[in-house]
Amino acid sequence: MKFNKILTSAAVILLLSAQSTVFAAISTDAKLHYNKGIDYYQLGQLEESVKCFKEAIELDPNYIDAYYNLGSILEYLKQDEAALTVFKQIILRKPDDYEAVYKAASLSKKIGEYDKARMYLGLIPTDTLIGQRATQLANSLPKQAEEVQVEEDQNPPAENNQQAIAEEIQQEQVQRYETENPQYDSNATYNDITSPTGITTDTNGNLFVAGFSDNTIYKISPDNKKIVYIKSEKIDGPIGLAMDFDGNIYIANYNKNNVLKVSTTGEITELISNIQNPYCIYYTNGFLFISSQGSNSVLRYKLNK
């Protein structure tokens, strides 16, 4: 069960219970940072609380409660655009979280993006608990001249709104990745990697390298410190590597004729089976593209959130 705590201004809502149902799949380290964020919030140290929630999200990009608390504090601190970005991440992962959808609409109104506010409000069913508030917010938006004659049945369906929002968020993630991805200012060589094949990087500048002969994925930090990131009997002849915006790694597992997914918590699952000698792998905009050396083809695979 979640308990709400209201700051003195009633502007910040924190989910204080450590027993939230989403916690079951959350890593221990992420939970520790989350709980520290709660502690700092209760002490009134909001900047430290924000930092902890961000660290929890970095460790587990699907930590809904951490996103919600982070967005609520940023909104209280009047960092509306930053708060909106956070609530969009909730919507991308959980489109039926109508409280987050309403927050995104309200913040969009604050910063003058009225069309986007309408788009978010179009996702909220009128028969939900928050539907009445959504209707009131929609009625408070300034009318455009051409909207006066628009009939209700001409409004775009909610699924179209959801698709537009998903595409917008994906584009923002691409832009953020390109902005945050470190730009190296010198040449370097990474040594002592056994049979290196595929490579990918994260937004922190870490390099991930597949070791084909020892069935290992190595992680090399920008300061050239190398560790074994993942090694498992499930990995056999890794070649291509790719990473999505949530930090999950995908492995073209050549000798096993499959593609593996390695989550941010280290869980390995078989994503695609019966693909003959997968070789190169590439991620973009919610899709994986995998070349199959054994069948002289390329597979396009849509990832499900």
Side-chain angles (χ1 to χ4, degrees), residues 1-7 10-26 30-31 34 37-38 41 50 53-54 56-76 79-111 113 116-138 156-173 244-248 263-264 286 303-305:
M1 180 178 293
K2 298 176 182 177
F3 299 93
N4 292 340
K5 180 176 179 69
I6 312 298
L7 206 60
V12 177
I13 301 175
L14 281 213
L15 309 173
L16 293 180
S17 173
Q19 304 302 319
S20 172
T21 55
V22 300
F23 275 38
I26 302 300
K31 290 181 188 178
Y34 177 89
I38 296 294
Y41 166 76
V50 164
F53 288 132
K54 286 182 176 179
I57 290 168
E58 183 176 342
L59 289 166
D60 196 317
N62 294 314
Y63 205 155
I64 298 297
D65 285 3
Y67 281 112
Y68 199 95
N69 289 350
L70 173 61
S72 296
I73 293 178
L74 291 173
E75 181 183 13
Y76 173 74
Q79 299 178 27
D80 293 334
E81 291 189 5
L84 176 58
T85 297
V86 173
F87 284 112
K88 285 179 181 180
Q89 292 301 316
I90 298 177
I91 298 169
L92 185 64
R93 291 163 173 79
K94 193 178 179 185
D96 61 350
D97 190 325
Y98 299 125
E99 186 68 40
V101 175
Y102 180 86
K103 284 280 193 180
S106 177
L107 287 162
S108 294
K109 178 188 175 183
K110 282 185 181 181
I111 63 179
E113 296 183 346
K116 290 183 179 180
R118 294 184 184 90
M119 185 169 63
Y120 289 117
L121 293 171
L123 298 177
I124 302 176
T126 56
D127 58 352
T128 60
L129 292 176
I130 202 171
Q132 185 175 359
R133 290 168 57 197
T135 299
Q136 292 173 347
L137 180 58
E159 57 267 24
N160 288 354
N161 286 345
Q162 180 60 48
Q163 178 64 26
I165 290 169
E167 291 175 356
E168 175 189 346
I169 296 172
Q170 290 281 5
Q171 183 60 37
E172 288 180 357
Q173 288 177 315
D244 64 21
F245 293 120
D246 292 331
N248 302 302
S263 71
T264 55
L303 297 172
N304 296 317
K305 289 290 183 183

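The analysis underlying the following values was restricted to heavy atoms, covering all of them including side chains, and did not include hydrogens, waters or symmetry mates.
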Step by step, work out the side-chain contact (heavy atoms from CB on, under 4.5 Å) result for E113 and L84.
CA-CA 11 Å; E113 296 183 346; L84 176 58; 4.2 Å; yes

For side-chain contact (heavy atoms from CB on, under 4.5 Å), just list the numbers for K54 and V50, CA-CA rounded to whole Å, side-chain angles, deciding distance to a tenth of an Å, and then say yes or no.
CA-CA 6 Å; K54 286 182 176 179; V50 164; 3.7 Å; yes

So CG of L121 and OG1 of T126: to nearest 0.5 Å the spacing works out to 12.5 Å

Correct closest heavy-atom pair for I90 and A100 would be CG2-CB, 3.6 Å

For the atom pair CG (D65) and OH (Y34), what is the distance rounded to the nearest 0.5 Å?
4.5 Å

Main chain of P61, side chain of Y67: is a donor-acceptor contact present, judged purely on distance under 3.5 Å?
yes

More than 12 non-hydrogen atoms from neighbouring residues, nucleotides or ligands closer than 6.0 Å to CD on Q79, yes or no?
yes

Please name the pair of heavy atoms, one in I124 and one in A134, separated by the smallest distance, quoted to 0.1 Å.
CD1-CB, 3.8 Å

State, to 0.1 Å, how close D80 and E75 come at their nearest heavy-atom pair, and which atoms those are.
OD1-O, 4.1 Å

Side chains of L123 and P95: does their closest heavy-atom pair fall under 4.5 Å?
no

Closest heavy-atom pair and its distance - A66, A56:
CB-CB, 4.3 Å

Please give me the minimum heavy-atom distance between A105 and A117, naming the atom from each residue.
O-CB, 3.5 Å

Would you check, one step at a time, whether the test side-chain contact (heavy atoms from CB on, under 4.5 Å) holds for I91 with Y120?
CA-CA 10 Å; I91 298 169; Y120 289 117; 3.8 Å; yes

Would a distance-only check, ignoring hydrogens and angles, find a side-chain to backbone donor-acceptor pair under 3.5 Å from D246 to N248?
no

One should read off an interatomic distance between Q136 CD and Q132 CD, to the nearest 0.5 angstrom, of 5.0 Å

Can you tell me how far apart CD1 (I64) and CD1 (I57) are? Round to the nearest 0.5 Å.
9.0 Å

Between OG of S108 and CD of E81, what distance do you get to the nearest 0.5 Å?
10.0 Å

Closest non-hydrogen atom pair between D60 and A30, with its separation
CB-CB, 4.0 Å

Qualifying residues under side-chain hydrogen bond (donor to acceptor under 3.5 Å, both in side chains), relative to S263, sequence neighbours excluded
T265

For the residue pair Y68 and F87, does the interplanar ring angle fall in the parallel (under 30°), tilted (30 to 60°) or perpendicular (over 60°) class?
perpendicular

Would you call R133 and E99 a salt bridge, taking side-chain N to carboxylate O under 4.0 Å as the test?
yes

State, yes or no, whether a side-chain contact exists between Y102 and D97 at a heavy-atom distance under 4.5 Å.
no

Are side-chain heavy atoms of T264 and N62 found at a separation under 4.5 Å?
no

pair Y98-L129: side-chain heavy atoms closer than 4.5 Å:
no

